[in-house]
Visitor: 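Input: one structure, supplied below.
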Amino acid sequence: MDCVVANKPKVRAQEIKKVSGKQIGIMGGTFNPVHIAHLVAAEQVMTKLHLDEVWFIPDNIPPHKELALNIPAEDRANMLELATKNNPKFKVMLLELYRGGISYTIDTMHYLKKEAPENNYYLIMGSDQVNSFHTWKDADELARLATLVGIRRPGYTQEAHYPLIWVDAPDIRLSSTAIRHAVKTGTSIRYLVPDSVREYIEQRGLYRD
């Protein structure tokens with residue numbers, strides 16, 4: 001099983017520069033754990049907006065939610081690697097894990113624009129993130145640095161405070177919280193996460209406490 005080596009960053013500045021001049025989707029989150037709704041949304045945005053790649057960037061410490069990061073960051077990164085390894089256009093970037101501290105998207109965008117300013121970045125958000133985006137740190141500047149993309153969710157109130165591109169995707173009502181609860185209560189998560197992620201969770205005994 002492939003693993004992320006904790007003392008070896010998964011991405012370096014020169015690796016970012018190699019993809020300069022492309023259309024890059026950015027999907028952030030705790031991915032605790034990654035599940036099929038994350039992957040479906042990324043694929044829909046990538047194909048419908050003709051992006052070259054989608055980068056999954058896991059948070060170190062999320063600023064906008066109660067901390068539920070009761071597993072090592074390395075496990076979250078490993079599960080992302082397993083979930084995305086069969087799609088050559090999906091990349092896992094551990095920028096925020098190695099930067100440490102609270103993960104602010106504006107800091108990540110500053111870094112990406114510095115290292116590869118020729119790229120166009122598309123910040124992919126779910127409907128709940130769209131509604132709260134105006135509360136994010138330096139939201140005005142962030143909206144200038146990246147094109148905002150919202151995943152349209154039927155039946156969900158969507159109040160965009162900034163111009164953005166809406167993308168329709170299958171309405172998969174699934175959350176990492178629900179996955180963790182299922183594992184804790186002994187309920188099957190088969191087909192809710194990739195098999196490789198399910199096997200990793202079982203082998204490592206994650207989310208049982």
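What you see is a predicted model; the values in this text were computed from it and never measured.
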Visitor: Atom NZ of residue position Lys184 - does it have more than 12 heavy atoms of other residues, nucleotides or ligands inside 6.0 Å?
Guide: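 No, NZ of Lys184 has 12 or fewer neighbouring heavy atoms, counting only those of other groups under 6.0 Å.
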Visitor: Could you measure the distance from the CD1 atom of Ile179 to the OH atom of Tyr207? Nearest 0.5 Å is fine.
Guide: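 Here the rounded value is 9.5 Å.
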Visitor: If you round to the nearest 0.5 Å, how far is CD1 of Ile124 from CG of Leu148?
Guide: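 So the CG of Leu148 and the CD1 of Ile124 are separated by 11.5 Å.
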Visitor: Can you check whether Asp195's main-chain N or O pairs, donor with acceptor, with Arg190's side chain at less than 3.5 Å?
Guide: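 No: the side chain of Arg190 does not pair with the backbone of Asp195.
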Visitor: Taking all atoms of both residues into account, what is the closest heavy-atom pair of Val92 and Leu94, and its distance?
Guide: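 Val92 and Leu94 have their closest heavy atoms at CG1-CD2, 3.6 Å.
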Visitor: Is it the case that the side chain of Arg208 and the backbone of Thr185 share a donor-acceptor pair, with hydrogens and angles ignored and the cut-off at 3.5 Å?
Guide: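 Side chain of Arg208 to backbone of Thr185: no pair is present.
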Visitor: Would you give the length of the straight line joining atom CD of Glu199 to atom CE of Met79, rounded to the nearest 0.5 angstrom?
Guide: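 Reported value, rounded in 0.5 Å steps: 13.5 Å.
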Visitor: Could you walk me through whether Tyr162 and Val130 pass the side chain to side chain contact (heavy atoms under 4.5 Å, CB included) check?
Guide: CA-CA 9 Å; Tyr162 293 83; Val130 168; over 6 Å; no
Visitor: Is there a side-chain contact between Val149 and Met125, using heavy atoms and a 4.5 Å cut-off?
Guide: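 A side-chain contact is absent here, since even the closest heavy-atom pair is not under 4.5 Å.
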Visitor: Quick one: does NZ or CZ of Lys137 land under 6.0 Å from the six-membered ring centre of Tyr104, within 45 degrees of the ring axis?
Guide: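 Relative to the ring axis of Tyr104, which defines the angle, Lys137 lies inside both limits.
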Visitor: With distance as the sole test, does Gln129 use its side chain to make a donor-acceptor pair with the main-chain N or O of Gly126 at under 3.5 Å?
Guide: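 At least one qualifying donor-acceptor pair exists.
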Visitor: Write down the atom of Leu164, the atom of Gly150, and the distance for their closest heavy-atom approach.
Guide: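 What the structure gives for the nearest pair is CD1-N, 3.5 Å.
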Visitor: To the nearest 0.5 Å, how far apart are CD1 in Ile189 and CD1 in Ile36?
Guide: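 Result: 11.0 Å between the selected atoms.
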Visitor: Examine distances only and state if a side-chain atom of Arg76 and a backbone atom of Thr30 form a donor-acceptor pair shorter than 3.5 Å.
Guide: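 Yes; at least one donor-acceptor contact below 3.5 Å.
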Visitor: Do Ile26 and Phe56 come close enough that some side-chain heavy atom pair is under 4.5 Å?
Guide: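 No. Closest side-chain heavy atoms not under 4.5 Å.
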Visitor: Please name the pair of heavy atoms, one in Ser176 and one in Pro33, separated by the smallest distance, quoted to 0.1 Å.
Guide: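 What the structure gives for the nearest pair is OG-O, 2.8 Å.
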Visitor: Within the side chain of Thr147, is there an N or O that forms a donor-acceptor pair under 3.5 Å with the backbone of Tyr122?
Guide: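 No, Thr147 side chain to Tyr122 backbone: no donor-acceptor pair under 3.5 Å.
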Visitor: Between Leu142 and Met109, what is the shortest heavy-atom contact and its length?
Guide: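 Scanning both residues completely, I find the closest heavy atoms to be CD1-CG, 3.4 Å.
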Visitor: How about Val45 and Val54: do any of their side-chain heavy atoms sit closer than 4.5 Å?
Guide: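 Side chain of Val45 against side chain of Val54, heavy atoms only: no contact under 4.5 Å found.
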Visitor: Look at the rings of Trp136 and Phe133 and say which category their plane angle falls in: under 30° parallel, 30 to 60° tilted, over 60° perpendicular.
Guide: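 Rings of Trp136 and Phe133: tilted, 30 to 60°.
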Visitor: Could you give the distance from CG (Asp168) to CH2 (Trp166), rounded to the nearest 0.5 Å?
Guide: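 Between Asp168 CG and Trp166 CH2, I get 10.0 Å after rounding to 0.5 Å.
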Visitor: For side chain to side chain contact (heavy atoms under 4.5 Å, CB included), just list the numbers for Val183 and Leu206, CA-CA rounded to whole Å, side-chain angles, deciding distance to a tenth of an Å, and then say yes or no.
Guide: CA-CA 8 Å; Val183 174; Leu206 303 180; over 6 Å; no
Visitor: Distance-only, no hydrogens or angles: does the Ser103 side chain make a donor-acceptor pair with backbone N or O of Asn60 under 3.5 Å?
Guide: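 Side chain of Ser103 to backbone of Asn60, a donor-acceptor pair under 3.5 Å: yes, one is there.
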Visitor: With a 3.5 Å distance limit and no angle check, can you tell me whether His38 reaches the backbone of His35 through a side-chain donor-acceptor pair?
Guide: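 Here the side-chain-to-backbone pair exists.
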Visitor: Walk me through whether Asn87 and Leu39 qualify under side chain to side chain contact (heavy atoms under 4.5 Å, CB included).
Guide: CA-CA 10 Å; Asn87 190 330; Leu39 303 174; over 6 Å; no
Visitor: Less than 4.0 angstrom from a charged side-chain N to a carboxylate O is my criterion; do Lys89 and Asp52 meet it?
Guide: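 No.
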Visitor: Which pair of non-hydrogen atoms, one from Asp59 and one from Leu97, has the smallest distance, and what is that distance?
Guide: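 Shortest heavy-atom separation between Asp59 and Leu97 comes out as O-CD2, 3.1 Å.
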Visitor: Please enumerate all residues that pass ring pair (Phe, Tyr, Trp, His ring centres under 6.0 Å) together with His161, with sequence neighbours excluded.
Guide: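 Partners of His161 by the ring pair (Phe, Tyr, Trp, His ring centres under 6.0 Å) criterion, ordered by chain and then number, come out as His134.
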Visitor: Using a 4.5 Å cut-off on heavy atoms from C-beta on, say whether the side chain of Asp138 contacts that of Thr105.
Guide: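 Of all side-chain heavy-atom pairs linking Asp138 with Thr105, none is under 4.5 Å.
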Visitor: Can Thr108 and Arg99 be said to form a side chain to side chain donor-acceptor pair (under 3.5 Å), step by step?
Guide: CA-CA 9 Å; Thr108 298; Arg99 186 169 66 232; 3.1 Å; yes
Visitor: Before giving the answer on side chain to side chain contact (heavy atoms under 4.5 Å, CB included), spell out for Thr84 and Val34 the whole-Å C-alpha distance, their side-chain angles and the decisive distance to 0.1 Å.
Guide: CA-CA 10 Å; Thr84 60; Val34 60; 5.9 Å; no
Visitor: Check whether any side-chain heavy atom of Phe90 lies under 4.5 Å from a side-chain heavy atom of Lys85, and answer yes or no.
Guide: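 When only atoms from C-beta onward are counted, Lys85 and Phe90 do not touch, as no gap falls below 4.5 Å.
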Visitor: Hey, does the side chain of Ser132 reach the backbone of Thr135 with a donor-acceptor pair shorter than 3.5 angstrom?
Guide: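 It does not hold such a pair.
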Visitor: Please examine the side chains of Asn32 and Thr177, heavy atoms only from C-beta on, and report whether any two atoms are closer than 4.5 Å.
Guide: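 No. Closest side-chain heavy atoms not under 4.5 Å.
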Visitor: Which pair of non-hydrogen atoms, one from Pro58 and one from Phe31, has the smallest distance, and what is that distance?
Guide: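 Closest heavy-atom pair between Pro58 and Phe31: CA-CD1, 3.9 Å.
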Visitor: Determine, step by step, whether Asn119 and Gln23 satisfy the side chain to side chain donor-acceptor pair (under 3.5 Å) criterion, reporting the C-alpha distance in whole Å, the side-chain angles of both residues, the deciding distance to 0.1 Å, and the verdict.
Guide: CA-CA 6 Å; Asn119 284 342; Gln23 312 300 310; over 6 Å; no
Visitor: Rounded at 0.5 Å granularity, tell me how far CG in Leu192 sits from CG in Leu174.
Guide: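 Between Leu192 CG and Leu174 CG, I get 5.5 Å after rounding to 0.5 Å.
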